[in-house]
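Reading through the structure tokens given below for one structure.
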Number of protein chains: 2
Amino acid sequence: MAQPTLDIFQVIADPSRREMLRLLSKDSLTINSLAENFDMSRPAVSKHIKILYSAGFISIQDMGRERYCTLKQDAFKELQEWLSYYDKFWASKMKKLETLLNNKAAKK
Amino acid sequence: MAQPTLDIFQVIADPSRREMLRLLSKDSLTINSLAENFDMSRPAVSKHIKILYSAGFISIQDMGRERYCTLKQDAFKELQEWLSYYDKFWASKMKKLETLLNNKAAKK
DNA sequence: TATTTCTGTAACACAAAAGTTACGTATATC
DNA sequence: GATATACGTAACTTTTGTGTTACAGAAATA
């Protein structure tokens with residue numbers, strides 16, 4: 001329940017993990033059914049899943065001996081927040097440029 | 001001019017590089033003035049800057065023997081696009097849940 | 001109960017990333 | 001012209017990540 005909170009940026013740095021997220025956006029999948037899509041051993045996939053889970057990208061439902069992985073919004077929101085900081089940066093930069101141009105036009 | 005296009009996710013995975021972006025959101029800085037903020041050698045910073053540049057996170061203006069680094073929107077937009085795919089995912093998921101609840105209510 | 005299936009983890013190997021020092025070069029300054 | 005400054009790059013070391021195989025356990029199945 002208590003995620004140790006891995007570095008979300010580090011987590012999505014791996015192309016395989018991003019592909020896992022993409023697959024899970026189509027459907028919830030078990031570890032094995034996920035692994036079928038990759039050219040790597042099942043334990044490797046299992047590790048990736050653990051990482052995605054720890055960072056809050058997915059949740060996991062235990063169904064008997066199977067474990068279903070589902071996308072979870074938490075980590076995505078964190079990324080969005082990080083990006084929004086720079087969104088604001090661009091917005092204010094544009095605004096400054098705009099007023100600068102307006103002033104120039106006024107002085108003419 | 002022609003960026004070899006590094007993996008932007010890999011690029012922001014490094015905490016030092018993210019800190020550089022944050023510093024550059026405050027002000028354009030030279031390599032040296034950037035390096036003063038970090039507990040690493042100047043060549044190390046120089047390498048990070050090269051990576052940020054190659055991925056399209058910053059632009060560089062040569063001023064004599066100095067090089068001023070400035071944030072560039074390109075890579076940020078790529079990240080935003082990646083995230084927007086999942087934004088849509090969450091939106092449609094919410095919608096499905098909503099209609100499901102509505103149907104249940106109607107049957108009552 | 002014996003066996004198969006689905007999974008996690010430990011121990012290890014290997015490749016990639018990130019750091020260092022030691023250099024070289026171009027632009028300012030004296 | 002000699003020196004100092006701002007930087008890039010090459011060669012190397014160290015650390016981190018990602019993969020593997022081998023094993024163990026718990027749930028289904030025979």
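Protein chains get the first letters and strands the later ones, always in sequence-line order, with residue 1 at the start of each. Values reported hereafter were calculated over all heavy atoms of this structure, with side chains retained and with hydrogens, waters and symmetry mates removed.
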Letter per nucleotide, 5' to 3', of nucleotides 18-23 of chain D [B base touched, S only sugar-phosphate touched, - untouched; heavy atoms, 4.0 Å]: SBBBB-
Just the rounded figure in Å: distance from [atom2] of [N] to [atom1] of [X].
X	N	atom1	atom2	result
B:Glu36	D:dC7	CD	C1'	14 Å
B:Leu29	D:dC7	CG	P	11 Å
B:Arg18	C:dA18	CZ	C1'	15 Å
A:Tyr53	C:dT9	OH	P	12 Å

Under-4.0 Å salt bridge between A:Arg18 and B:Asp7: yes
Basic-acidic side-chain contact under 4.0 Å: B:Lys95, B:Glu98: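 B:Glu98 and B:Lys95: not salt-bridged.
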Near DNA chain C, counting only heavy atoms under 4.0 Å, which residues of residues 59-70 of chain B show up? B:Gly64, B:Arg65
From [X] atom [atom1] to [Y] atom [atom2], the distance as rounded to the nearest 0.5 Å:
X	Y	atom1	atom2	result
A:Ile8	A:Ser54	CD1	OG	13.5 Å
A:Leu97	A:Asn102	CG	CG	9.5 Å
A:Ile51	A:Lys47	CD1	NZ	8.5 Å

Short side-chain donor-acceptor distance under 3.5 Å, B:Ser25 and A:Tyr85: yes
Test item: A:Lys72 and A:Phe57 side chains (from C-beta on) under 4.5 Å apart, heavy atoms: no
For D:dG8, does OP1 or OP2 lie under 4.0 Å from any side-chain N or O of B:Ser46? yes
Ignoring backbone atoms, test whether B:Asn32 places a side-chain nitrogen or oxygen under 4.0 Å from the OP1 or OP2 oxygen of D:dC7.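 Affirmative; the distance criterion is met.
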Report the C-alpha separation of B:Glu66 and B:Leu29 in whole Å, then their side-chain angles, then the decisive distance to 0.1 Å, and conclude whether the side chain to side chain contact (heavy atoms under 4.5 Å, CB included) test is met. CA-CA 10 Å; B:Glu66 294 180 318; B:Leu29 295 169; over 6 Å; no
